[in-house]
Amino acid sequence: MLGWALAAFYTIVLPALLSLALSLSLWWPIGCALITIALATAHVLIMPRLRYDTHRWEVTDTAVYTLAGWIKWQWRIAPLERIETVEVSSGPLQHRFGLASVYVSTASSAGRVAIAGLELDRARRLSDELTAKTRELRGATP
Amino acid sequence: MTAQVAPAPATADEVPWSRTSPRTVLVYIVRESKAFIPALILMLGFGSQSSASNVVSLGFGALLTLLTMAVLAAHWWGRRYRVTDQAVEQRVTLFGYERRATAIPRARVRSVTTSAHLLHRLVGVVVVTVSSAGTTAIVLEAMSRPDAERLALSLTGKAPGSDAPADDPASDGTAELVRLDLRWLRYAPMGVTGFATLAALAWLLLRWFGEPLANLYFPEADGNPPTVVPDLPHLPAVPAPWGLPWWAVAVVTATALLLAATIAAVVAYLLAHWGFLLVRTADGSLTSRYGLVSRGGATIRLDQVSAVMVTERPLQRLARAATANVYTYGRGRMLLIPPAPARRAHEVCATVLGEHGPDVDPDRGPTRHPLRPRSGAALQRRLVRVLLPALIVVALACTPLPWWSPEPLGIFLVAALVLPAAVAVAVGRHRSMGEALTRRYLITRCGHLRKRQTIAADRSAILGWHITATPMQRRAGLLTVNACISVGHCPMPDIDAHHGLALAAEANPGLLGQFLRPESSLASTEQVTSDASTFSDVADKSDPATR
């Protein structure tokens, strides 16, 4: 959640401050900047909470399932049998807080299943578990 | 594989890396220069009159051009490939960094296909795609035809498209499925090029003749043209040639442009599809050959076919024309039929899919299977989404602007034009959408203004599900359910939540069902596929009340 909060801060608040700094000459850019800052603050306060509340994931014996989003919800389901790659990735922000994301891709070009913000250990264990289960399922079916 | 065509050296390290044909750079340059046309027009059309600034902008343009050409040349220079006795390898470097290294072991090479766009044909090269059994592919853009044939020969033991009979279907078990019929040329101007040209035409006419029009209908007391928004740059006024009145010039220009667009579309169709031939060979694969200047071809195995898609552009739909593509379990894709009568497109799809299962009408095929329409809630959502922008337009028509004074007649005309069109679009979109689940296929249809696409995907080809819900959809009890297949997905926007989930659960037994709460799932109570073995029962499932 802190990760999302920081991401929101960097993507929304900094540009707002920049535009404020650039526009000290006229009154209407300042008005715009103030509105942007107000919206950005609300965004920083509300969005991470909503995202955190929404995000769910589950791995069963046959499938991996996630729910993500804050305004628009997105459920993604991938059968373990069809998994092509499992990737553990930790960006600089996530790394700072010892977190990582697990990305699961199938042969489809329609996008991957992402489980964001796991503790690094947990993510690695999950990745191993998914790989093992996939191998088992693939091995069982000739 | 014979020794003289595959000079396989002893170790991989000895094989030198090679680059594709330098003529590729020409293709790159011409292709990328399309992006500069708007900038060029802007420079020529709106350029300031002072010569100093013209020199500066010309210099800047030249610098930009040189830089772009250098980058494109580097793009070609940085791509190297080699074929060893173990694998095909490609290395992509850019400014000294190795960006990507791909290798496909010889044993995993599934197909080698060649293709050539118009530009490739003009400089006499073909793009070679080496596909593996999985999803990786090496694209070599582009090499001369003999080189490509040598490569394909050394990898697969046969030249690309060599399974196809030269021009006549042989008698040894091959069946000709599609052969280009010159009467199909009438569908060429109805494609996307014609449509885009029409839009560009309308824009241009407005740009050039907007002022005379405004003069005619809103003359000011002193006869001067009404003031134009000062900030908007506009094209220099065109002097009426040969003393013709402006409307005659408009009609002549429009006719000429339409004619030019039609000719361009027909020429493009001929270049791309000349001699199009699709055959099913005795060993169970599909092979196509096509092209005027230089021929392209592709081969896929019929047992690898996972889905077919029928695409209808708006104008083509009016003329009952369509085009069709086939997809494989990998990332393979092949054109089944160029724009042609829709009946033929559906027929070839049905043939390519093979055995349809008992609940599909053999005369209609999966792509013409009766679909279940969306609910009234979905129609409501379509209407809201189109009417809101339309109402904003009407509201704008009520606002006085420098070049527009709101008068009751004008407002009425705008509303009478915009609102019915909006409703028609919403209803058309709603009627385009539908889905069906048969024993073997998931069939979805969607899209209206740009193109309508009907996809019939083998249920075993579904690689997962993406389901989204916006707040408005949640309020209306709707979902967007997408079934992921190897190439993109089968979209089902605004499907009733219960029905959509039940359908997804039934299409892939044991996948989605385990995540549904019993009370939210109707999978047990609502059977999406008819148990009866006739297609008519499935047709009855489409609720007539929601039509």
Side-chain angles (χ1 to χ4, degrees), chain A residues 26 28 42-43 46-47 49-51 53-87 102-116 130-131 133-138 140-142, chain B residues 110 131-137 304 306-307 327-333 455 457 459-475 478-493 497 500-501 504-505 507-517 520:
Chain A
L26 286 165
W28 63 266
H43 184 76
I46 294 166
M47 183 279 281
R49 182 82 240 167
L50 286 179
R51 267 199 194 281
D53 286 348
T54 313
H55 193 34
R56 297 273 185 283
W57 63 275
E58 190 178 340
V59 175
T60 68
D61 287 339
T62 52
V64 49
Y65 167 63
T66 63
L67 165 60
W70 57 297
I71 292 177
K72 184 173 170 180
W73 292 347
Q74 179 155 50
W75 295 264
R76 294 186 169 210
I77 296 126
L80 294 185
E81 208 182 337
R82 300 301 189 90
I83 289 177
E84 296 250 315
T85 58
V86 181
E87 188 190 334
V102 176
Y103 298 104
V104 180
S105 343
T106 62
S108 171
S109 62
R112 51 195 189 174
V113 177
I115 305 171
L130 284 171
T131 317
K133 277 183 172 171
T134 303
R135 198 167 295 145
E136 197 179 306
L137 281 170
R138 285 262 177 88
T141 52
Chain B
R110 250 323 126 77
S131 313
S132 76
T135 52
T136 48
Q304 287 291 308
S306 68
Y327 299 97
T328 66
Y329 283 98
R331 293 257 168 102
R333 170 196 172 133
I455 304 175
R459 279 159 67 165
S460 68
I462 296 172
L463 296 169
W465 295 84
H466 289 183
I467 300 165
T468 56
T470 64
M472 297 306 284
Q473 282 183 316
R474 295 200 283 269
R475 265 192 52 201
L478 301 172
L479 290 175
T480 295
V481 177
N482 293 325
C484 308
I485 55 174
S486 57
V487 185
H489 53 243
C490 308
M492 287 169 272
L501 293 177
N508 277 166
L511 182 58
L512 190 86
Q514 60 189 322
F515 300 112
L516 297 178
R517 259 181 276 128
S520 74

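Residue numbers begin at 1 in each chain, while the letters A, B, ... track the order of the sequences. Every heavy atom of this structure was used, including side-chain atoms; hydrogens, water molecules and symmetry mates were not.
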Chemist: So how far is it from A:Tyr65 OH to B:Ile467 CD1, rounded to the nearest 0.5 Å?
Modeler: 7.5 Å
Chemist: Show your working on side chain to side chain contact (heavy atoms under 4.5 Å, CB included) between B:Arg474 and A:Trp73 and close with a plain yes or no.
Modeler: CA-CA 9 Å; B:Arg474 295 200 283 269; A:Trp73 292 347; 3.1 Å; yes
Chemist: Drop me the distance from A:Thr62's OG1 to B:Asn508's CG, to the nearest 0.5 angstrom.
Modeler: 10.5 Å
Chemist: So, taking the atom named CH2 in A:Trp75 and the one named OG1 in B:Thr480, what distance separates them when rounded to the nearest 0.5 Å?
Modeler: 10.0 Å
Chemist: Please collect all salt bridge (charged side-chain N to carboxylate O under 4.0 Å, His left out) contacts where either partner lies in residues 103-114 of chain A, sequence neighbours excluded, each pair once.
Modeler: A:Glu87-A:Arg112
Chemist: Nearest 0.5 Å, what's the OG1-NE2 distance between A:Thr66 and B:His466?
Modeler: 7.5 Å
Chemist: Roughly how far, to the nearest 0.5 Å, is the CD1 atom of B:Ile485 from the OG1 atom of A:Thr106?
Modeler: 11.5 Å
Chemist: Quick one: which of B:Cys484, B:Gly488, B:Ala461, B:Ala469 has the most heavy-atom pairs under 4.5 Å with chain A, could you say?
Modeler: B:Ala469
Chemist: So which heavy atom on B:Gly464 is nearest to which on A:Pro79, and how close?
Modeler: CA-CD, 3.9 Å
Chemist: How would you list, by chain and number, every residue that makes a side-chain contact (heavy atoms from CB on, under 4.5 Å) with A:Arg56, sequence neighbours excluded?
Modeler: A:Leu67
Chemist: Please classify the contact of B:Leu479 with chain A as side chain, backbone, both or neither, using a heavy-atom distance under 4.5 Å.
Modeler: side chain
Chemist: Looking at A:Glu58, A:Arg82, A:Arg76, which makes the most heavy-atom pairs under 4.5 Å with chain B?
Modeler: A:Arg76
